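Please read the structure below before turning to the comments.
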Amino acid sequence: MSETPGRLAGALRLTSLRLRLVVVFALVALTAAVAASGIAYWINRDAVLTRAQNAALNDFRESLGDNAGALSRRPPCDAVRDAADTMANSTQRYEVVLIEEQADGSPCAAVSDPEFTLEDVPGALRAAVGRKRPVDASNKAPYHLYWQRITMDGEPYLVGGATVIGGGPTGYMFKSLAPERDDLNSLAWSLGIATALALVGSALLAQAAATTVLRPVQRLGDAARRLGEGKLDTRLRVSGTDELAELSRTFNRTAESLEQRVAELSAREESSRRFVADMSHELRTPLTAITAVTEVLEDEIDSLDPMIAPAVTLVVSETRRLNDLVENLMEVTRFDAGTARLVLDDVDVADQVTACIDARAWLDAVELDADRGIMARLDPRRLDVILANLIGNALKHGGSPVRVSVRTRESAAGGADAGGDELVIRVADHGPGIPEDVLPHVFDRFYKASASRPRSEGSGLGLSIAMENAHIHGGSITAENAPEGGAVFTLRLPRDASRLAPDRETDADADADTETETDTGADTGTDAGTDTDGGGTGRGDGR
């Protein structure tokens, strides 16, 4: 039921193709119907009026010649009235006015109906009727019959007049056109109803045509939306051989090709991810042995030959760097595979930041601005990794002192039932800042700001891993340059991450082995902060 109003609203939108089709069909049908009705009306009107007019005028001409023409020269007025009454007694049902001069020279105006007099005849018509024309080859008679349509008291009339040739009386007729008007009005109503029916029929036809045309388009749109949602097995049912059917076939071929391509890319990505994970895992065993040996050598470096000590120092540092790189690669593969989980705990954020700084001996180089008692439900280990990378990056490329501030603010998406608060941790340095062309890439994996200096102390993964750890909490990290100078990294995390992933907290036991492996990265957090900062490496090379 809830989908019906939405579909109706969509059908009524001015941008709806269905509505445009219906409107176009209706306008075309209305134009055609109005044009046809108008032409039919005027043709029938002319035919009806011409037929009634000709019949009345012909009858009046004959009756005028038969009755008025038979009168004597200057007849008495009574004879003229009798002639007018005789003429009016016609099947054409018109009234007559006869004008004749009597023997004593006085005019006689005889009318068949007192409602119609000579004054009702238009002056132009009387002038034309009384005008005598010379007889020649082109004009056979001195007087002619003239007519005019007029309206009296809201009623249409045909007025005709002629003078009897040879000195006879002048006669006028008044023929009512009300019956013809009523017939034409009935015809107009009939044509109007026919036009309305044609408009309704065209709208229904347009609706049917639009449904026929738009149903495949709608199915194509739904299929494209499902395809965009990742349902690559979406296909359209094809029937017919028209253009829409060919479009559906093209869509199916495209979807099939896309599905195959994505399957190939997914297989390659999975293979690459599995290769990195297997390689990292296999490297851990020999690296453990090498690390143990290098630690022994480092302890004995003071007793070694001065010629050998630099080489031992290099081996120790590179071994640690390689160990950090392997740990970071394993962490990245967990994020890519979606197996990274949160182990949530209630932590005092200020204590957590202090512990991170103290564990890496950064107390003298970091200024902490944080109130005690700001509690958050987060993954302490992952928060430590984020802080280690951000602070270590700032120390490496911005220089001390680095200022770390911890604040809380109301989240725009928060609510009473969701905690509503957001944790904001800002890490600011006093260095030259980040080049504008580097800013968009500081969180990219293995990004190097300068292609001529691809090698650096870091692996190029630190900031990327920090961002992934922020995302898994439902947060984010942004980088910008402060107006007064230096780079500022802002970490935003929800104070209660359990509301975003309630099932992750219950997965701690199932992920015990995974967390044991990633704890190694936490134990070497000092190096993670200084050596695995991908964004820091880029910034260092770009400065």
Side-chain angles (χ1 to χ4, degrees), residues 30-69 83-99 109-131 133 138-165 169-199:
L30 181 62
T31 303
V34 169
S37 298
I39 293 173
Y41 176 80
W42 285 107
I43 290 176
N44 281 275
R45 179 180 181 275
D46 185 68
V48 168
L49 293 178
T50 300
R51 183 170 58 250
Q53 171 183 298
N54 292 340
L57 292 176
N58 290 334
D59 185 85
F60 173 72
R61 179 188 291 110
E62 294 178 0
S63 181
L64 182 63
D66 293 341
N67 293 281
D85 291 337
T86 301
M87 290 177 63
N89 190 18
S90 170
T91 58
Q92 293 299 319
R93 303 179 65 83
Y94 51 76
E95 304 299 333
V96 177
V97 176
L98 287 179
I99 308 298
V111 296
S112 62
D113 189 335
E115 292 184 1
F116 301 97
T117 64
L118 183 62
E119 285 74 15
D120 295 326
V121 180
L125 181 61
R126 281 184 288 173
V129 170
R131 184 184 307 117
R133 298 187 177 189
S138 59
N139 183 37
K140 303 297 183 182
Y143 296 101
H144 294 272
L145 174 66
Y146 295 94
W147 59 269
Q148 184 177 348
R149 296 191 192 114
I150 65 172
T151 300
M152 292 193 311
D153 299 330
E155 294 292 328
Y157 286 92
L158 172 67
V159 181
T163 299
V164 177
I165 300 174
T170 299
Y172 296 96
M173 57 155 285
F174 289 86
K175 164 69 174 177
S176 175
L177 298 178
E180 286 74 14
R181 178 199 61 188
D182 296 338
D183 291 342
L184 291 175
N185 287 341
S186 298
L187 176 62
W189 275 105
S190 300
L191 292 176
I193 294 173
T195 300
L197 293 176
L199 183 61

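These numbers were taken from a predicted model, which means no experiment stands behind them. This chain uses plain numbering: 1 for the first residue, then up along the sequence. All values below come from the heavy atoms of this structure, side chains included, with hydrogens, waters and symmetry mates left out.
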Rounded at 0.5 Å granularity, tell me how far [atom1] in [X] sits from [atom2] in [Y].
| X | Y | atom1 | atom2 | answer |
| --- | --- | --- | --- | --- |
| S190 | N185 | OG | CG | 10.5 Å |
| I39 | L191 | CD1 | CG | 11.5 Å |
| N89 | Y94 | CG | OH | 10.0 Å |
| L64 | E62 | CG | CD | 11.0 Å |
| L145 | L57 | CG | CG | 5.5 Å |
| S186 | R181 | OG | CZ | 10.5 Å |

Within the 4.5 Å heavy-atom criterion, are [X] and [Y] side-chain neighbours or not?
| X | Y | value |
| --- | --- | --- |
| L197 | I193 | yes |
| F60 | K175 | no |
| V111 | E95 | no |
| V121 | I150 | no |

Where [X] and [Y] come nearest, the two heavy atoms and their spacing:
| X | Y | answer |
| --- | --- | --- |
| V159 | P122 | CG1-CD, 4.3 Å |
| L158 | A56 | CD2-CB, 4.4 Å |
| A84 | L98 | N-CD1, 3.6 Å |

Side-chain donor or acceptor of [X] paired with backbone N/O of [Y] under 3.5 Å:
| X | Y | result |
| --- | --- | --- |
| D153 | E155 | no |
| S112 | V96 | yes |
| D120 | T117 | yes |

field: Check against side chain to side chain contact (heavy atoms under 4.5 Å, CB included), R126 and L118
entry: CA-CA 9 Å; R126 281 184 288 173; L118 183 62; 3.8 Å; yes
message: Distance alone, cut at 3.5 Å: any donor-acceptor contact between the side chains of D59 and S90?
response: yes
Pairs touching residues 142-164 that satisfy ring-ring contact (aromatic ring centres under 6.0 Å, His included), sequence neighbours left out: F116-Y157
- request: Could you note down all residue pairs passing side-chain hydrogen bond (donor to acceptor under 3.5 Å, both in side chains) where residues 41-54 supplies at least one of them, sequence neighbours left out?
  value: Q53-R149
field: Intermediate values then yes/no, side chain to side chain contact (heavy atoms under 4.5 Å, CB included), M152 and F174
entry: CA-CA 11 Å; M152 292 193 311; F174 289 86; 4.2 Å; yes
